[in-house]
Protein chains: 2
Amino acid sequence: MRMPPRKKVGIKDVSREAQVAISTVSHVLNGTAPISAEVRTRVLDAARRLGYLAERQTKATITALHTVLLAVPDDALPENEINLFSWTVLNALTRECERRGVRLVPLAGGGPLTAKRIVEAAMEASADGILLINDDRRELLHGISNAGLLTVLINGEDQEMKVDSVAPGNRFAAQMATDWLISRGHREILHLTWEGRTTITRRQDGFIDAFRANNIPRSGAHVLQAAGYEPKMGEDAIAAWLKDNDGPGDVTAIFCAADNLALGAMRALTAAGLDIPGDISVMGFDGVALGELVSPALTTVDVPLNQMGPEALHLLERRVLANDSERAAQRLELGCKLVIRQSVAAPRT
Amino acid sequence: MRMPPRKKVGIKDVSREAQVAISTVSHVLNGTAPISAEVRTRVLDAARRLGYLAERQTKATITALHTVLLAVPDDALPENEINLFSWTVLNALTRECERRGVRLVPLAGGGPLTAKRIVEAAMEASADGILLINDDRRELLHGISNAGLLTVLINGEDQEMKVDSVAPGNRFAAQMATDWLISRGHREILHLTWEGRTTITRRQDGFIDAFRANNIPRSGAHVLQAAGYEPKMGEDAIAAWLKDNDGPGDVTAIFCAADNLALGAMRALTAAGLDIPGDISVMGFDGVALGELVSPALTTVDVPLNQMGPEALHLLERRVLANDSERAAQRLELGCKLVIRQSVAAPRT
DNA sequence: TGAACTTATGAAAATATTTTCTTATTGATT
DNA sequence: AATCAATAAGAAAATATTTTCATAAGTTCA
C-alpha cells in the first residue's frame, strides 16, 4: 500500500503560493509579527489549499495512536446487505486509519463480545485504545474501563458519562423530519420503529418533541413497533396494521425509524393498493438505502456516517494525548440533513 | 501579561529525558522506523511529561484562530453573584485564550443581542469566528450563519443542527442524580425547576427517564416550577408548596435543577421546621454554589464548566481549519459527576 | 555455522522552521 | 519639512526536525 509520491508540502511551498517570503508565512502561522489582514488571509488560504494546515494538524496528533482495537459485535457485521449502516461507518473508519497510518486490529466474530475478550485482545495487540461500535452495555463498559483502557463508542452512548462516544443527533433529526411532515400539513402521523437500543428510542423522543413544539395535539402521534429493522419486518408490521385498522384511517404519513423499514412499508402500502405519496406519505431515516432508486424516491434523513469513524478516532486521540482521567467524558452528536425527494406530499384534503 | 520564561521544550529535551538519540525520538513521533514498544513508551511518556506533545498540538491548531468574538447576552453577564455558572465558564475561556494567544473581543451590554449587532461586531474586529453563550434563538443563528460567519454555541443547542455547540450532558446527569436518590430508597421525588431554555428541560427529561429505567411508578415524579433560578425564587416556590400541601406529604426528596434553587429550597424547608436530610433530602445541580459551606453540605451534580469554553474554542478551530460547509454540525455534551455530600439520606421508614 | 534477514537505535547530513534584525512605508507630531 | 512611532514584510542567522544511512544484535534457515 504505497501512497502516490505526493511530495510533502512545506512552509516554502506555501510562501511561493501566497507570493510572500518564507519568514512571513512563519510569522503568520505563529503570530510572531504584526501582519496585515490581507496578507494573513492570503497565506492562510494558500496553506489550507495546499493541505499544509491539515498535514500539520495530522502530524500533531498522529503520534499518540499507533494501534487501535476495533470491537465489532456480530450483529453489526456487514455480512448481509441489510446492515449498510455499519458497513458505511466501518468503511470510512478503515480508510481514515490507512490514511493516517494507524494500525486497526479488528475483533469480530467468535460469539458475543465480552469485556474479557476485548481486554485480552487489546493487550495482545498492545493497542493504544479501543473503538467499540453499536454496543454500549454497562457491564462491557465497566469491564473495559476497570482495566484502564481508553475507549470510544461509535453509535452508542454511555449513560454513566464515563466513556466518550459519537452518535448521530437522532433526537433533533427525528424532530426535523417530523417537522417537515407537519409543515406539509400532516397531523396524524405513524412512527414505525422497533425495540432497538436507546439510540433508536431517541428518534421516538424527537418524533414526539415535534408535536409539542408545533402545538399539535399529541393524539396525532401514533407509534407502531416492528419486530426488527429488516425490510420484511417493516412490511409485515404495516400489512398487519392496515388489516387491523381496515386501512390507514386518519393517518396520512408514516415516519420510519430506518430506511430499511421504510422500504418494507412502501411495499406493504403499495400491495394494499395505496398510492405513495398520493394516499399516504412515507419518510425514512439513515440515508443509506438506495432510496433514490425506489419509486417514488424516498424522502429521508441523511446521517453523516462517513464522519462518525474519523470523529471517534479524533476523540480517542485527544483522550490518549491528554491522559487525564479528570477530564469529563465527551458525547459527540453529529448533525443530520433532510433529503427531500418524492415520497412525501401534502395530505389529501 | 508575561508568561514565565519557560523556555520551549523541543525534541532535544525529550531525547535527553527519555535517554535516547534525537533521531530516535523523531522516528517514534513519525513512525519512520521500527521502534520497540519499550522505547516507544518511554519516549512518548517523556514527551507527554515535558508537555511537548501538548505544545505541538497547540501549535498545529493555534494558527487558524487569531481573533474570536465572544457574544454574551445581558442575562449571562456575571454582574451579580447569582450567575456563577456563566462567570466560571467565561473565566476559564478567557484564560485559555490568553494561554493560546487568541484575541477575544467581547460583545456585551447595550441591550439584547441581535444578529445584526453580532455580525457587525464580528466584521469590525475581523474575527475568525464567534462564540455565543447562553443564547440559541433561531433568528439569531439564522442571521449569523446567513452572513457566512462560523459560530459555536456554549451552553446552548441548535435544534436545526447547523451550528456546533457545547453543553453539559444535562439529561444523563439528571438521570444519574435521580438514580442516586432512588437507590437511597426514595420513591416520591419533587423536581424543582423553572421555565428556562431547552437545556433546562433536558434535566427534567432525565428526571423522568430515571423513573422509567428503574421501573418505578411515574406517579412518584412530581414537578414544581419556580419563577426563575435565583435562590429567593426557589425559597418562595417551596414555601408555597409546603403551604398548599400542608407539608411535604409523601415526598421524601427534592431534586433541584440548579444549586441556587437548592439553597433557597433548603432555607424554606428549614424555616418550616423540617430537618435535612432527616425529614427530607435535597439534591442540587451545577456544582457552582458554595454547597460545601452550607449545612448540611449539598449533594449535587458537578458540571465541568471549566472545560466548556476550551472545548468550544477547539470546535471553532476545527471548523475554521476544515472550512468545509459539508461537514456535519457537532453537538458536544460533556459528562458530569455526582458529588456526594450530606444533604441526601435514606427516607424515614 | 555462517550467510541472509530482520529489528532497533543512533550519527550525521539534509531540510524545514523560527527568530532576530533590517528595511520600507505610512501617518502623526513637532 | 524633519522626526518619531507604528506597522509590514523580508533576508539571513540560528534552531529544530526529519531523513538517510551505518551499525549492532539477534533470528532463520540451508
Side-chain angles (χ1 to χ4, degrees), chain A residues 2-64 66-67 100-101 103 125-126, chain B residues 2-3 5-48 50-64 66-67 100-101 103 124-126 321:
Chain A
R2 174 161 296 286
M3 284 278 146
R6 179 171 53 87
K7 65 175 189 298
K8 260 186 344 182
V9 299
I11 205 179
K12 192 159 53 178
D13 305 279
V14 175
S15 74
R16 186 164 357 93
E17 175 87 6
Q19 314 252 44
V20 295
I22 291 185
S23 50
T24 303
V25 176
S26 177
H27 285 311
V28 169
L29 259 33
N30 298 294
T32 41
I35 298 286
S36 68
E38 200 264 312
V39 169
R40 202 171 102 77
T41 314
R42 211 165 71 222
V43 169
L44 247 32
D45 279 354
R48 187 156 31 226
R49 229 185 356 263
L50 296 181
Y52 178 75
L53 288 188
E55 185 177 281
R56 208 161 135 138
Q57 170 115 300
T58 305
K59 258 205 336 208
T61 42
I62 212 170
T63 332
H66 195 252
T67 303
R100 297 210 203 168
R103 192 163 69 100
S126 59
Chain B
R2 175 161 295 286
M3 285 275 147
R6 179 172 54 85
K7 65 175 188 304
K8 260 186 345 185
V9 299
I11 205 179
K12 193 158 54 179
D13 305 278
V14 175
S15 75
R16 189 167 350 97
E17 176 85 5
Q19 314 253 40
V20 295
I22 291 185
S23 49
T24 303
V25 175
S26 176
H27 286 312
V28 169
L29 258 34
N30 298 295
T32 42
I35 297 286
S36 68
E38 200 264 313
V39 168
R40 204 173 101 80
T41 314
R42 210 164 73 221
V43 169
L44 248 34
D45 280 355
R48 187 154 33 223
L50 296 181
Y52 178 75
L53 288 188
E55 186 177 282
R56 206 161 137 140
Q57 169 115 301
T58 305
K59 257 206 334 207
T61 42
I62 214 171
T63 337
H66 195 252
T67 304
R100 297 211 203 165
R103 193 163 70 101
E124 224 226 312
S126 60
L321 258 170

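A, B, ... follow the sequence lines: proteins, then strands. Residue 1 opens every chain. Hydrogens, waters and symmetry mates play no part in the numbers below; they use all other heavy atoms, side chains included. Note that the structure is a prediction, hence the values are computed from the model and not measured.
Within 4.0 Å (heavy atoms only), B:Val25 reaches no atom of the nucleic acid at all. Among the heavy atoms of the strands, none lies under 4.0 Å from A:Ala33.
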Give every pair of a protein N or O atom and an N or O atom of nucleotides 19-24 of chain D that lie under 3.5 Å apart, one pair per line with the distance.
residue: D:dT19; atom: OP1; partner: A:Lys8; partner atom: NZ; Å: 3.1
residue: D:dT20; atom: O4; partner: B:His27; partner atom: NE2; Å: 3.3

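For the pair B:Glu38 CD and D:dA25 P, the interatomic distance rounds to 17 Å; values are reported in whole Å.
Scored by the side chain to side chain donor-acceptor pair (under 3.5 Å) test, B:Thr32 finds B:His27 as partners (sequence neighbours excluded). Taking B:Thr41 as the reference, nothing meets the side chain to side chain donor-acceptor pair (under 3.5 Å) condition, with sequence neighbours excluded. Listed by chain and residue number, A:Asn30 satisfy the side chain to side chain donor-acceptor pair (under 3.5 Å) test with A:Ser26 (two or more places apart in sequence, or in another chain).
A heavy-atom distance below 4.5 Å is not found between the side chains of A:Ile22 and A:Val14.
Sorted by first and then second residue, the salt bridge (Lys or Arg N to Asp or Glu O under 4.0 Å) pairs with a member in residues 14-35 of chain B read B:Asp13-B:Arg16, B:Glu17-B:Arg49; sequence neighbours excluded. The list of salt bridge (Lys or Arg N to Asp or Glu O under 4.0 Å) pairs with a residue in residues 21-33 of chain B, not counting sequence neighbours, is empty.
Side-chain contact check for B:Tyr52 and B:Arg56: at least one donor-acceptor pair (N or O, by modelled atom type) lies under 3.5 Å.
Of the possible polar contacts, one joining the B:Arg42 side chain to the B:Ala18 backbone as a donor-acceptor pair under 3.5 Å is found.
Contact footprint of chain B on DNA chain C: nucleotides with an atom under 4.0 Å from a non-hydrogen protein atom, first to last in 5' to 3' order, C:dA8 to C:dT19.
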